[in-house]
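Since the structure is predicted, the reported quantities are computational estimates derived from the model, not experimental observations. The residues of the chain are indexed from 1 along the displayed sequence.
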Amino acid sequence: MCVYRSAYSFQGAGMSPEWLSQVLLPWVLASVMMAMGLSLTKSDFARPWRHPHRLLLGASLQILALPLLAWGLVMLLPLSPLAAAGLLLVSLVPGGATSNMFSYLVQGDLALSVSLTAIAAVLAPFTLPLVMSWNLDVLGLSSTGLRLPYWHTVGQLLLVTLVPVLTGMLLRRMLTPAILEWLLPKIKVLTGVAMISVVTALFVSHAQRLPSLFSIETLAVLLMCMLSMTLGYQVARRFRLPNTSVRAITVEVGVQNAGVAMMVAFTLLQQPGMGLVPLLYGLLMNVPAFLWMFTCLWRDRQLTAAQQRS
C-alpha cells in the first residue's frame, strides 16, 4: 500500500514512469559512463594486454557464453515472451561501472575488469541491436510489431555508452592532476547516487507491474546471476588464471549493465513488461555479488591467519 502511494506521489510530482525511463534514465546512464571514462588511464589498458588470453577468455564468456546461458534458462523456465526477451536483453549488456566496483571490493584484477568493461562498451552498441532483433524474431515478438531498428539503436547506445566514456577520457587529459583528484571522487558519488535514485524511482513507479518476490521472473534473474558467476569462476579456475583474475572475471560475467538493458526496453522499445526483468536484475544481482564479496574477504582473512600461525 505504501509503495503504491509512493508511485502516485512520483506521478503527481511530474516524475511519470515515461519521463523517468525516456528522459532521466539515458542522461543518468550517460553521466555514469562519463565518470567511468574520467577514471580510466593508459595503464588500465596496457597491463591487461600483457596477458591477452585473460582478456580473450573474459570477453568470450561475456559475449558468447552469457547469451547461451540466458537461452538455456528461457527454454527451461515458463517465462512469458516479454520476460524472456528481458532476460535475453540482460545477457547482451555485460560489465559496467558496478562490475568494476565489485571487482575492487573483492580485491580482484581491477585493470582486467576495467578493460573488459571498455571492450563491452565498444562492442555492445553494434552487437546488441543485431542479436536482440534475432531474439525477438525467435520469440515471435516481431510479428506483433515489436522491432529494434539497427542503426537508430546503434546511435542511441553510442550516445549513452561509448561517447560519454570517450568524453570522460578526453576530459581527464585536459584537467590537471590536482583538479582531477578533487573532482573525481565527487563525480563518482554523485553519479552513483543518481543511478541508484533512478532505479529506485523506476522500481516504485512500476511497483504495481512488478512480479512478486517468489515469481518465476525472480527465479530466472537469480539463476542467471548465480550461474553466470559460477561459470566465470569455474572456467577461469580451469585455465589456471591468478586468483585476482579469477575474481575479476567472476564479477564481470555475473554483474550486468542493467541500466543499458533498461534503457533499451523502456526507452527504445517502450516495453515496460520487458524492462521489468532488467530492473529486477539490477536490484537482485547485488545479492550474489555481495555474497561473493564476503566469501572472498573471508578466504583472505583465513589465509592471512594461517600464514601468521605458521
Side-chain angles (χ1 to χ4, degrees), residues 2-3 6-7 17 20-21 25 28-29 32 61-62 65-67 69-74 76-80 82-103 105-106 117 120 192-233 247 249-266 271-296:
C2 181
V3 173
S6 299
L20 286 168
S21 59
L25 176 61
V28 171
L29 185 60
V32 170
L61 287 170
Q62 288 179 318
L66 271 177
L69 176 61
W71 263 113
L73 289 172
V74 166
L76 181 66
L77 301 173
L79 293 167
S80 68
L82 279 178
L87 191 68
L88 294 170
L89 180 58
V90 167
S91 73
L92 299 177
V93 284
T98 307
S99 65
N100 299 155
M101 178 195 75
F102 275 112
S103 291
L105 291 175
V106 301
T117 297
V193 169
M195 192 67 199
I196 292 171
S197 300
V198 170
V199 171
T200 303
L202 282 169
F203 180 83
V204 172
S205 63
H206 290 283
Q208 292 172 299
R209 296 180 180 177
L210 277 170
S212 69
L213 186 61
F214 301 103
S215 66
I216 194 68
E217 291 86 358
T218 300
L219 176 63
V221 163
L222 287 173
L223 280 175
M224 177 73 180
C225 187
M226 290 187 292
L227 289 176
S228 57
M229 291 183 73
T230 302
L231 176 67
Y233 175 78
R247 293 182 178 188
I249 287 176
T250 301
V251 169
E252 283 293 323
V253 176
V255 177
Q256 308 304 302
N257 196 337
V260 173
M262 282 188 281
M263 196 206 77
V264 171
F266 284 120
Q271 290 291 324
M274 188 188 301
L276 294 180
V277 173
L279 180 56
L280 267 179
Y281 199 98
L283 296 168
L284 295 179
M285 72 180 181
N286 293 288
V287 176
F290 273 113
L291 287 174
W292 171 241
M293 182 193 76
F294 292 132
T295 300
C296 290

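The stretch residues 272-292 participates, sequence neighbours left out, in no side-chain hydrogen bond (donor to acceptor under 3.5 Å, both in side chains) pair at all.
Across G282 and A258, no two heavy atoms sit closer than the pair CA-CB, 3.6 Å. Contact between T250 and G232 at its shortest, heavy atoms only, is OG1-C, 4.1 Å. Nearest heavy-atom pair, G275 versus P278, reported as atom, atom and distance to 0.1 Å: O-CD, 3.2 Å.
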Listed pairs under 3.5 Å, donor-acceptor, residues 221-230 side chains, sequence neighbours left out:
residue : atom : partner : partner atom : Å
S228    : OG   : M224    : O            : 2.7
S228    : OG   : C225    : O            : 2.9
T230    : OG1  : M226    : O            : 2.8

What donor-acceptor contacts under 3.5 angstrom involve side-chain atoms of residues 86-97, with partners at least two apart or in another chain?
residue : atom : partner : partner atom : Å
S91     : OG   : L88     : O            : 2.6

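V287 pairs by the side-chain contact (heavy atoms from CB on, under 4.5 Å) definition with L291, not counting sequence neighbours. Residues passing the side-chain hydrogen bond (donor to acceptor under 3.5 Å, both in side chains) test with E252 are Q62, S99, N100, S113, T117, sequence neighbours excluded. With sequence neighbours left out, the ring pair (Phe, Tyr, Trp, His ring centres under 6.0 Å) criterion links F290 to F102.
With rounding to the nearest 0.5 angstrom, the CG atom of L280 is 5.0 Å from the OG1 atom of T218. The CD1 atom of I249 lies 13.5 Å from the CZ atom of R247; values are rounded to the nearest 0.5 Å.
The shortest side-chain heavy-atom distance between L276 and E217 does not fall under the 4.5 Å cut-off.
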